[in-house]
Amino acid sequence: MMTDLENFRAETRAWLEENCPAEMREPIRSEKDAVWGGRDQSMLSPAQKAWMDRMGARGWTVPDWPKAYGGGGLSPAETKTLREEMAKIRARNPLNSFGISMLGPALLKYGTEEQKLDYLPKIARGEIRWCQGYSEPNAGSDLASLATSAEDKGDHYLVNGQKVWTSYADKADWIFCLVRTDKTTKQGGISFVLFDMASEGVSTKPILLISGNSPFCETFFDNVKVPKSQRVHDENKGWDVAKYLLGHEREMISGMGLGAAGGNPLVDGAIATIGLDHDGRLADPLLRASIALFEVRSRAFGMMSERFIDELKAGRAHPAQPSMMKYYGTELNKNRHELMMAAGGSDALEWESERSSGGAGPRAWLRTKANSIEGGTSEVQLNIIAKRILDLPSN
Amino acid sequence: MPLYLNDEQTMLRDTARDFVAEHAPVSHMRRLRDDKDAAGFSRDLWKSFAEMGFTGILIGEDAGGLGLGHVDAGIVLEEIGRNLSPSPFLTTAVAAVEALKGSAQANRWYPGILAGETVAALALDESAKHRDSVALKAERSGNGFRLSGKKQFVTHGHVADLIIVAARTAGSADDSNGITLFAVEKGAAGLTAEAERLADSSIAARLEFDNVELTADAVIGEVDAGRDPLGRLLAAGRTGASAELLGVGGGAMDMTVSYLKERKQFGVTIGSFQALQHRAAHLYSEMEVARAAVLKAQQLLDASDEKADPAVSVAKAMTALATTLSVQEGVQMHGGIGMTDEYDIGFYMKRARVLAEMFGDANFHADKLARAAGY
Ligand SMILES: Cc1cc2nc3c(=O)[nH]c(=O)nc-3n(C[C@H](O)[C@H](O)[C@H](O)COP(=O)(O)OP(=O)(O)OC[C@H]3O[C@@H](n4cnc5c(N)ncnc54)[C@H](O)[C@@H]3O)c2cc1C
């Protein structure tokens, strides 16, 4: 007799086998290879689109959300099983989305029923691509000092101001945005609103990064009309939503470097360039030692991630624990890419060649440097751990 | 299995925490040291460990034990680590019990262990660094064997009732086969122990086997097939040492964080200085990651999962790294007082160093992982 979970595993395996296109079982080569969904789907290859749509139709882009909101309605154990089966065939993530990893959880907690029914299924099917309007030129780590204003006009707000570092603002359909609805208090005067980037008065300007890519924008709001029905949670209570969402953003970022099962690009890469000596050890003993000690931390962090997820599900995790995960995971990821560059030698320096997939390696290396900045810097995470977990005094 | 303690394990932790803190706090270790206690631990305390049932944690219920697993043994070890309690628990109730499991020797030794009367020592290392190689010779002699060679870093080796010895019955030092595990009784003729106090004030012996005669019964498991029980012994010992390290690192961290909240300089508590806050927060992160690694290794061992071996190496290496950081930051953040013998933090540093070395240090285990991964 098979248990329900064994049945589920067998069915899932069969379904994935049939529905996951071969192209979607290859590792992602560059940032451009990732699927983000949205109104403009022209950038997707047929296989990418098919994979996203098939998974979306089952609710498996967000397997543990309720079915009513476009999710798969799976239990934690089934969700884990699905992930394991996907990892086995090295299936790609069907959809990368700030909607899934950030906004969705916040809406599930703070949205009205109407908002949930309206937005969540579209997020699950990858129909709206979202961007995050938090940071401003003078409000980065000190996010609550933000100034973008939302003036009360009865049934709507009039939004004016500027955001910065808005990832993919030029490609996004909608923005989730922090605005000031009360100037007299700091945290207590912020509201959380959603609006269409095609609204009149919204403009964006890309910012070029050290990786040579430009997924970031300055974003300007000039008398943008935002209906009040698009405010999430109460007026002036946006900071609660923002913080909750940041917790999820940190979780997402902390897990980015972990990679799926099977193969170890760092070790494989080092063996390919440097080779093994007569004893079967990497021919550069110092690099070998660095990689081996890195691997200890990296594997232990993988176990920490498992523990963190288990504790989250059981409601046992300390609410500030995502800060620890984000801090450790991003510092490790930077470390991994430094080692990959060292292992790659001069091959890892090529920036445009076809051989290097357009410099995917060095560009990724540079991109990881932002991991410990975006979503709150490492220093900010350490402050949070010190104050909220270790209970150390403020000055 | 989720990676946290279940309700029974949480209860066991609370019991163990109270018991060890009450009966064997750091002051207990300090007293044994100041008295230059020749055993290095208290037999009375070992008896009360038995009364609590702790010595039978890994012994099956059919043999009168509690029939629990490595997670549970680790719970006790973590408290031992936190209180720096000198105890034969790791060598006896964890490593020796695992080595003897399923062998005829189990019947001989389990009752004494359960009663808190038997103390076991492990004679494995032959050089100052833990290695996989075994050179100590066991030659056939009549019906039995004759052992000759040396072992070192044998904790409790000078007073142990039972010494488990890894010896070579075939092949050469680095071969993986041809090893046999022996149970040697206290007072065996030809066996001498030179007891040495270590930096942490525990006592380990250098043993010399000069044609020590053993009967065939002394073999644990099968002749030449000692890798099996030795592997179990090492997996249990390494995982147990990791749990104890976790306790040492966690104890040092707790002391340090408390001190940061107490000590005032420049008119404020030093814990309000961001430079120290960040280091404390980093230390916390390392310790949390180490904790996850230990629990994972324990659970995989309990499930007899084939992935247990690498997880054990990750746990041993990771706890050594994190705890080393914890004790170093502990002494540094205590400032001058951290260097005094009167204050406890230095004891944590010494114990961490000993445990980090035991059953292979961080480099040994990182190397092991690297080889297994093919580089
Ligand atoms: C790749 C990338 C993507 C991003 N995506 C988005 C996005 O989509 N949407 C969005 O809204 N924002 C985004 N951001 C912005 C990001 O959240 C901010 O850059 C970040 O919060 C830091 O703010 P800042 O750049 O103003 O740096 P600052 O706050 O000026 O910090 C400068 C330095 O001072 C340190 N520092 C500041 N305060 C403290 C303190 N209290 N204690 C100790 N050290 C401190 C910081 O750690 C840092 O090292 C992104 C950033 C990057 C790099």
Side-chain angles (χ1 to χ4, degrees), chain A residues 76 264 266-268 270-271 274 276 279-283 287-311 313-314 316-318 321 323-325 327-329 331-332 378-379 381-395, chain B residues 1-5 253-254 256-258 260-262 266 268-274 276-297 299-300 310-311 313-322 362-363 365-375:
Chain A
N264 184 334
L266 172 54
V267 168
D268 297 348
I271 294 175
I274 294 164
L276 301 173
D279 291 329
R281 299 193 225 178
L282 206 61
L287 181 64
R288 175 180 187 269
S290 304
I291 293 178
L293 285 168
F294 166 79
E295 282 290 314
V296 167
R297 286 205 154 77
S298 169
R299 291 192 200 199
F301 183 68
M303 295 160 183
M304 181 65 220
S305 301
E306 202 181 321
R307 171 184 163 206
F308 175 58
I309 290 166
D310 288 344
E311 288 191 331
K313 279 184 194 145
R316 289 166 166 243
H318 189 289
Q321 196 74 333
S323 287
M324 181 250 134
M325 296 298 295
Y327 165 65
Y328 206 91
E331 295 295 336
L332 260 185
S378 282
E379 290 73 23
Q381 309 311 323
L382 291 171
N383 286 345
I384 293 172
I385 297 168
K387 301 219 165 67
R388 295 193 43 213
I389 301 183
L390 300 178
D391 200 25
L392 289 171
S394 306
N395 227 332
Chain B
M1 204 180 318
L3 270 179
Y4 49 75
L5 301 184
M253 182 175 83
D254 289 352
T256 306
V257 171
S258 307
L260 292 179
K261 292 176 187 170
E262 253 164 47
F266 302 100
V268 293
T269 48
I270 58 173
S272 66
F273 298 137
Q274 196 181 51
L276 301 192
Q277 289 188 346
H278 282 193
R279 282 162 54 187
H282 171 71
L283 168 57
Y284 166 81
S285 308
E286 294 281 359
M287 288 304 302
E288 284 289 287
V289 171
R291 173 174 299 283
V294 172
L295 193 50
K296 186 73 185 179
Q299 288 187 352
L300 289 173
S313 282
V314 170
K316 184 66 176 50
M318 188 66 215
T319 47
L321 294 172
N363 292 343
H365 287 287
D367 177 76
K368 209 159 153 353
L369 287 169
R371 286 171 192 241
Y375 70 103

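As the structure is a prediction and not an experimental result, all values here were calculated from the model. Note on naming: letters A, B, ... go to the chains in the order of the sequence lines (proteins, then strands), and numbering restarts at 1 for each one.
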Hey, could you give me the CG/CE distance between B:L3 and A:M304, rounded to the nearest 0.5 Å? 9.5 Å

What option among A:M324, A:E311, A:E331, A:E295 has the most heavy-atom pairs under 4.5 Å with chain B? A:M324

Tell me, please, which residues at least two apart from B:R371 pass side-chain contact (heavy atoms from CB on, under 4.5 Å). A:R281, A:R288, B:D367

Which atoms of A:V267 approach chain B - backbone, side chain, both or neither, heavy atom under 4.5 Å: side chain

Comparing B:S313, B:S285, B:A373 against chain A, the one with the most heavy-atom pairs below 4.5 Å turns out to be B:S285

Checked B:L295, B:V294, B:V314, B:V289 vs chain A; the most non-hydrogen pairs under 4.5 Å come from B:V289

Of all heavy-atom pairs between A:P393 and B:T269, which one has the smallest distance, and what is that distance? CG-OG1, 3.1 Å

Give every residue pair that meets the salt bridge (charged side-chain N to carboxylate O under 4.0 Å, His left out) criterion with at least one member in residues 282-292 of chain B, sequence neighbours excluded. A:R297-B:E286, A:R307-B:E288, B:E78-B:R291

Per-residue contact mode, B:A311 against chain A (heavy atom under 4.5 angstrom): both

Measuring heavy-atom distances to chain B, does A:L390 have an atom under 4.5 Å in its side chain, in its backbone, in both, or in neither? both

For B:A281 and A:A386, the nearest pair of non-hydrogen atoms, with its separation, is CB-N, 4.1 Å

Might you work through the side-chain contact (heavy atoms from CB on, under 4.5 Å) test for B:S272 and A:L392, ending with a clear yes or no? CA-CA 6 Å; B:S272 66; A:L392 289 171; over 6 Å; no

Atom CD1 of A:I274 and atom OH of B:Y375: how far apart are they, to the nearest 0.5 Å? 11.5 Å

Looking at B:R279, B:M318, B:K368, B:K261, which one has more heavy-atom pairs under 4.5 Å with chain A than the rest? B:K261

Please tell me if the side chains of B:Q274 and A:N383 come closer than 4.5 Å, counting only heavy atoms from C-beta onward. yes

Contact class of B:Q277 relative to chain A, heavy atoms under 4.5 angstrom: both

For a 4.5 angstrom cut-off between non-hydrogen side-chain atoms, does A:L293 reach B:N363? yes

Which bit of B:Y284 comes within less than 4.5 Å of chain A, counting heavy atoms only: side chain, backbone, both or neither? side chain

So for B:V268, is it side chain, backbone, both, or neither that comes closer than 4.5 Å to the heavy atoms of chain A? side chain

Residues B:H282 and A:Y327: side-chain donor-acceptor under 3.5 angstrom: yes

Of A:K387, A:E306, A:R316, A:Q321, the largest count of non-hydrogen pairs under 4.5 angstrom with chain B goes to A:R316

